[in-house]
Amino acid sequence: MTAWEAAAVFAAGVGAGGINAVVGSGSLITFPTLLAVGYPPIVANVSNNIGLVPGGVTGVLGYRAELQGQRARLTRLALASVLGSLVGGFLLLRLPAQAFDVIVPVLIAIACVLVVIQPRVAGWISHRRRSEHGGPWLWLGVFGAGMYGGYFGAAQGVVLIGLMGVFLDEELQRLNAAKNLLSLLVNFTAAVLFVLIAEVDWTVVALIALGSAIGGFAGARIGRRIPAPILRGVIVVVGITAIVKLLA
């Protein structure tokens, strides 16, 4: 890797850490960058996943105030995220990439629709809601998002916010905080798996880790100040961009 390529990977890590803290979908910055500088797809995906973990940590720390009062709910959903991530990570190492090429854009599109209609749908089902944890459907949805995150993960945050926005009666910023924590668990679980059984480029990991840690801290400070309607719009724009990039 040349000095210019290293700088590009570091800069991509900063951008990815920032956008992951605000919305999610940072891998759409780092993964194509790694492909552009010549890394094989699987090595790029694995190294990228590990490198983004520090950015997830700083993003969660930046949203720690919004996490207060969500311990019981997130403990329940954390199990779904971890189990889903393990399944997705094994699929990445065992199945051809083409298996998810069609599914991933569909998932992101559904998530964008959920984000747009979330206020109306949440109001419609509010009289039926019995559990502050979102019920079994949310758990299964978070498990599916964890599988996706363990496999690739771009726009995983969009999927999570879309799901939680429908099944939970919470402010969007608190949902974003929960999304950051669940995404971190997914990435960390997959990272441990990849370190043990996959080929990792540690130079890439170090560059993205440093960049994403900086970006995650900055992104959390910015994201917490964005009004809910604007944040909702940003989420949808990022989701649409993710679909375009994945289908390109």
Side-chain angles (χ1 to χ4, degrees), residues 12-13 16-17 19-20 23-35 39-56 59 77-112 114 138-164 179-201 204-205 208-209 212 238-239 241-248:
I19 198 170
N20 276 343
V23 181
S25 201
S27 289
L28 292 177
I29 299 174
T30 46
F31 183 70
T33 300
L34 294 176
L35 296 182
Y39 284 93
I42 297 299
V43 175
N45 196 16
V46 166
S47 304
N48 172 62
N49 181 288
I50 299 172
L52 288 176
V53 170
L77 295 178
L79 178 61
S81 290
V82 170
L83 292 177
S85 179
L86 287 173
V87 174
F90 277 113
L91 288 175
L92 173 66
L93 301 176
R94 296 291 181 265
L95 296 178
Q98 293 83 349
F100 272 53
D101 285 349
V102 176
I103 298 175
V104 168
V106 173
L107 287 176
I108 298 173
I110 292 173
C112 288
L114 289 175
L138 177 59
W139 196 96
L140 290 173
V142 171
F143 174 81
M147 285 181 59
Y148 171 46
Y151 187 89
F152 180 44
Q156 174 191 183
V158 177
V159 176
L160 284 171
I161 290 179
L163 285 167
M164 292 189 294
K179 174 268 295 180
N180 283 347
L181 180 59
L182 295 177
S183 295
L184 172 60
L185 289 174
V186 169
N187 287 348
F188 179 78
T189 302
V192 172
L193 176 65
F194 295 154
V195 167
L196 293 176
I197 64 175
E199 181 182 353
V200 179
D201 188 299
V204 168
V205 170
I208 294 180
S212 69
V238 170
T241 302
I243 295 172
V244 172
K245 283 183 173 289
L246 289 169
L247 292 177

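If you're wondering where the values come from, they're calculated on a predicted model, not measured in any experiment.
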Distance-minimising heavy-atom pair for [X] and [Y]:
X: Thr33; Y: Ile29; answer: OG1-O, 2.7 Å
X: Val87; Y: Met147; answer: CG1-CE, 3.7 Å
X: Ile197; Y: Phe90; answer: CD1-CE2, 4.0 Å
X: Leu92; Y: Phe194; answer: CD2-CZ, 3.4 Å
X: Gly51; Y: Ser212; answer: O-OG, 3.0 Å
X: Ala145; Y: Val159; answer: CB-CG1, 4.0 Å

Checklist entry - Stepwise, does the side chain to side chain contact (heavy atoms under 4.5 Å, CB included) test hold for Val200 with Val43? => result CA-CA 6 Å; Val200 179; Val43 175; over 6 Å; no
Checklist entry - So with a 6.0 Å cut-off around CZ of Phe143, is the heavy-atom count from everything else above 12? => result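 More than 12 within 6.0 Å, yes.
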Next on the checklist: For Val142, run the side chain to side chain contact (heavy atoms under 4.5 Å, CB included) check against Leu79, Val186, Leu160 and tell me which one passes.
Outcome noted: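 Result: among Leu79, Val186, Leu160, Leu160 is the only option passing the side chain to side chain contact (heavy atoms under 4.5 Å, CB included) with Val142.
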Checklist entry - Do Leu138 and Met164 touch side chain to side chain, with heavy atoms closer than 4.5 Å? => result yes
Determine yes or no for a side-chain-to-main-chain donor-acceptor pair under 3.5 angstrom, with [X] supplying the side chain and [Y] the backbone.
X: Ser183; Y: Gly56; result: no
X: Ser47; Y: Ala44; result: no
X: Thr189; Y: Leu185; result: yes
X: Asn20; Y: Gly26; result: yes

Checklist entry - Partners of Ser27 by side-chain contact (heavy atoms from CB on, under 4.5 Å), sequence neighbours excluded? => result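 Checked Ser27 against side-chain contact (heavy atoms from CB on, under 4.5 Å); matches are Thr30, Asn48, Leu52, Ala154.
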Next on the checklist: Measuring from atom OG of Ser85 to atom CG of Leu193, what distance do you get when rounded to the nearest 0.5 angstrom?
Outcome noted: 7.5 Å
Checklist outcome for this item: Separation between CD1 (Ile161) and CD (Gln156), nearest 0.5 Å, reads 10.5 Å
